[in-house]
Amino acid sequence: MRRRDLYDAASGGGGPRLLPWTSPEGKPCYLSTDGRGYLSTLADSIETVQLSMGQELLEHAREATAPGAPTLSATEYRWLARRLTEALADALRVADSRGQRLPGPEAEGVDESA
């Protein structure tokens with residue numbers, strides 16, 4: 001499949017899209033879309049911010065835990081662990097959302113019986 005075909009398929013061809021935020025009750029939010037509307041664009045932007053923040057946090061954690069780095073207090077390590085947990089949850093949600101939108105083997109024309 002060409003890159004554009006993959007993008008088109010991932011941007012809304014396979015059912016509702018899992019959004020990168022939850023309801024006030026913590027339940028997943030979904031959007032029925034063709035992948036080109038305002039909410040889809042907003043969700044793409046939020047996913048980009050979440051992944052960028054996770055990358056920055058990972059860099060901070062690597063520096064904080066590198067050999068010879070100054071020791072942090074228990075409160076600082078706890079803060080770091082909480083933020084890393086949040087970043088991991090965000091990254092897994094983005095991966096799940098994007099994975100759900102990828103075309104399956106039948107959509108790509110792959111013959112699995114061969």
Check your understanding: Any sub-3.5 Å donor-acceptor pair from Gln100's side-chain atoms to Arg17's backbone N or O?
Key ->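 Such a contact is absent between Gln100 side chain and Arg17 backbone.
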
Practice item. May I ask you to decide if Thr41's main-chain N or O and Ser45's side chain share a donor-acceptor pair within less than 3.5 Å? Key: yes

First locate atom [atom1] of [X], then atom [atom2] of [Y], and finally report the distance between them rounded to the nearest 0.5 Å.
X      : Y     : atom1 : atom2 : value
Arg82  : Leu57 : CZ    : CG    : 12.5 Å
Leu19  : Ser97 : CG    : OG    : 7.0 Å
Glu47  : Leu42 : CD    : CG    : 10.0 Å
Cys29  : Leu18 : SG    : CG    : 8.5 Å
Arg101 : Asp96 : CZ    : CG    : 10.0 Å
Thr75  : Leu80 : OG1   : CG    : 12.5 Å

Review point. In terms of hydrophobic clustering (I, L, V, M, F, W, Y; side-chain heavy atoms under 4.5 Å; direct or indirect links), are Leu58 and Met53 co-clustered?
Key: no

Point to revise | Verify same cluster id: Leu92, Trp21 (apolar side-chain graph, 4.5 Å) | key: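 Hydrophobic grouping puts Leu92 apart from Trp21.
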
Check your understanding: How would you list, by chain and number, every residue that makes a salt bridge (charged side-chain N to carboxylate O under 4.0 Å, His left out) with Arg83, sequence neighbours excluded?
Key ->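 If we apply the salt bridge (charged side-chain N to carboxylate O under 4.0 Å, His left out) test to Arg83, skipping adjacent residues, the hits are Glu86.
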
Exercise for review: Only pairs at least two apart or in different chains count here, so list each side-chain hydrogen bond (donor to acceptor under 3.5 Å, both in side chains) that has a residue in residues 60-74.
Suggested key: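 Output for this query lists Ser73-Glu76.
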
**Study point:** Non-hydrogen side-chain atoms of Leu31 and Pro16 separated by less than 4.5 Å
**Key:** no

Check your understanding: Can you check whether Leu51 reaches Val94 side chain to side chain, under 4.5 Å on heavy atoms?
Key -> yes

Practice item. Provide the closest heavy-atom pair for Gly54 versus Ala87 in the form atom of the first, atom of the second, distance. Key: CA-CB, 3.9 Å

